Amino acid sequence: MGEKTEQEEKMGCIVRQFNLLSSAERKLTLGEILNSCTSEEISYIDQKLPDFLYRDFISELPLELAERILERLPVADLLQACTVSRSWNDIISGMKMVWRAQCLKFGCLSSGIDPNFPKQSCIKGMKIQHDLHEGSAWKQDAIVNLVKSPGRFSALHHDREHVAGGTSDSIHTHDNETSSESVVIWSVINSSVVLSFPVSGSISCIKLSYPSLVVCGHFDGTLSSHQVSGNPETNTSPGDLINKFRLHTAPVLSLDFDESEDLLISGSADWTVKVWQLSTATQLSTLSSHSHWVLSVIFTPSHKHSIKTLSGKDVLVMMTRDDIQMFSWNPVQSDQGASLKGLTLSDIHIPLKSVTDAVQSFFFTPGLHFDGKNISFIRQMPMFDSHTIGDADIVTIDAESAQLVQSVHINQKIRKLLAIGKRFAIILLPYVDTKFKNLVVVDLKLEKIVGGCTVPHSRATTPDFSQVCIGRQDWLDGFSDDSTSGLVCCLGLQDSSLHTVIWT
């Protein structure tokens, strides 16, 4: 026992002396010791070194500390680490917070992440991002023979996996019983026409509320509402005309309606916005003195927006080439139908061009969006020396404070902001060739284009591109198993066909 204690003291003294040496002196000392070792001692060192050089920190470190280290790794390295051993795979795959953080980086919707297996959600999100980048996330198809040439779809709208298309430029006849234009409602799921009926007058814009109602705006300044499924109580059949709205003096370029509020809003090239009672075609109000054609209108009932200063009021956001304005009113229901009370111009006024000639004017770009809280649109500087390179920003403004929420710069020319969510936006760029993606997804968090596909050129029928409609939009808030399916976009082409883009 005494000799062992003496040996321990001797070794302790050696270690203390070694610790007092500098790094260079330690290396020199170790070299001398190795030179003095026998082959048996060298073999012993060789056996012991792996225990020091290749330590299993994943298994030995506390789980919380290991997670803090691994969360800094790219997801590809995490997946590679899972292949090292079964124990590593079990430990790393079980680190839910690490995989959840990776899911959010890839744009997965927070509520859509599997709480028990976030690693699987991360892999799915990574695959979607990869497929978007490679152009394989969506499949495309041409739908032909829905209308006869030279007629073409001049206005499209999607609702509940159905697309309503309105035509223009069809061959006109002198038969009063026959209309030259038509509305076609096409099922995305069944890939078939569910309803087709004639209408009077070329269609400039359209909105579908499936399966009850479709409203058309016409180039002759009128609007028409039609049954979709028919109504036995009113003895109407699918496609029957319900009401005709006549008071605009120029083409109707935009419309929106809400059946529960019994209101229809229309914007026209006569520089006015009109508010109608949807069920009776009675005009309730006219908002005039606008500086240009009214290209987009968005109506939001009081219970669907979160603007505190306008609580209890209906809200209308509208866009011309010159500006964006917001109106509000107190809705009132009477025995005679809907009426408006307190219709006023809100404090929100967003100019879309420069105030003075000294500043280069912004180039008007269609695409107005309002989610009940924020207003989003495009600001774009004119650049005429390139088909692709541009100077544009996706701008989001708080509708209550008028303060800037976010501005994402895009070095591309933008034709239209098709839709925007909390995480992604989808935009249409000019068609260049089959190799250039012109239907692209912008990651608003990463502030860059992450992928898309090439779609054929679609000639604009109105300044707001009524011939293009967006499909499901829930995926724009983040990817989930339920959101990445169905229609992405639909375009009316010059050859009378519809071109669809659908999630694979």
Side-chain angles (χ1 to χ4, degrees), residues 155 157 204-207 215-218 221 223 245 247-258 261 263-278 283-302 304-305 307 309-310 313-331 338 340-353 362 364-380 394-400 402 416-420 460 462-466 469-470:
H157 186 258
S204 52
C205 53
I206 193 169
K207 181 175 180 180
V215 178
C216 306
H218 300 273
L223 298 98
F245 304 76
L247 281 175
H248 282 296
T249 59
V252 177
L253 300 178
S254 54
L255 68 90
D256 198 5
F257 66 84
D258 188 285
E261 298 293 315
L263 287 180
L264 167 66
I265 315 293
S266 58
S268 171
D270 63 9
W271 297 19
T272 69
V273 171
K274 292 187 182 295
V275 184
W276 314 79
Q277 185 174 7
L278 180 61
Q283 179 180 305
L284 302 177
S285 183
T286 297
L287 305 176
S288 56
S289 300
H290 300 301
S291 59
H292 216 289
W293 300 351
V294 181
L295 305 179
S296 181
V297 292
I298 302 174
F299 171 62
T300 306
S302 58
K304 292 185 179 180
H305 70 77
I307 306 175
T309 54
L310 300 178
K313 292 186 175 183
D314 293 342
V315 170
L316 168 64
V317 183
M318 51 145 290
M319 168 188 270
T320 70
R321 285 183 176 272
D322 296 335
D323 55 29
I324 296 171
Q325 298 183 60
M326 186 165 69
F327 295 83
S328 63
W329 61 81
N330 295 309
L340 305 182
K341 181 180 180 182
L343 182 61
T344 58
L345 178 63
S346 171
D347 293 333
I348 296 294
H349 177 267
I350 305 168
L352 297 179
K353 64 178 184 178
F362 293 112
F364 171 77
T365 306
L368 173 67
H369 299 274
F370 176 58
D371 62 3
K373 181 180 180 182
N374 297 320
I375 299 172
S376 299
F377 58 96
I378 298 290
R379 281 197 189 279
Q380 184 165 204
I394 303 174
V395 180
T396 300
I397 288 179
D398 186 286
E400 182 167 6
K416 183 176 181 179
L417 174 63
L418 295 177
I420 186 170
T462 67
D464 196 47
F465 285 58
S466 295
C469 75
I470 196 70

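Everything numeric in this text was worked out from a predicted model, so none of it was measured.
A search for ring pair (Phe, Tyr, Trp, His ring centres under 6.0 Å) contacts involving F299 returns W329, not counting sequence neighbours. In terms of the side-chain hydrogen bond (donor to acceptor under 3.5 Å, both in side chains) criterion, K416 has no residue partners (sequence neighbours excluded). Partners of S254 by side chain to side chain contact (heavy atoms under 4.5 Å, CB included), not counting sequence neighbours, listed by chain and number: V294, V297. Residues meeting the side chain to side chain contact (heavy atoms under 4.5 Å, CB included) test with A402, sequence neighbours left out: I348. In this view, H218 and S224 satisfy the side-chain hydrogen bond (donor to acceptor under 3.5 Å, both in side chains) rule, not counting sequence neighbours. Legend: residues meeting ring pair (Phe, Tyr, Trp, His ring centres under 6.0 Å) with F377, ordered by chain and number and at least two apart, are absent.
In this structure the side chain of L263 reaches within 4.5 angstrom of the side chain of D314, judged on heavy atoms. Residues T365 and L417 form no side-chain contact, since every pair of their non-hydrogen atoms from C-beta on lies 4.5 Å or further apart. By the 4.5 Å heavy-atom criterion applied to side chains, M319 and L352 are counted as neighbours. A heavy-atom distance below 4.5 Å is found between the side chains of L247 and W276. Using a 4.5 Å heavy-atom threshold, the side chains of D258 and K304 count as touching.
Taken to the nearest 0.5 Å, the CG atom of L418 stands 7.0 Å off from the NE2 atom of H369.
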I350 and D323: CA distance, side-chain angles, deciding distance, side chain to side chain contact (heavy atoms under 4.5 Å, CB included) verdict: CA-CA 5 Å; I350 305 168; D323 55 29; 6.0 Å; no
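T396 and S376 share a donor-acceptor pair across their side chains, judged by distance under 3.5 Å alone. Side-chain contact of D270 with H248: a donor-acceptor pair under 3.5 Å is present, judged by distance alone.
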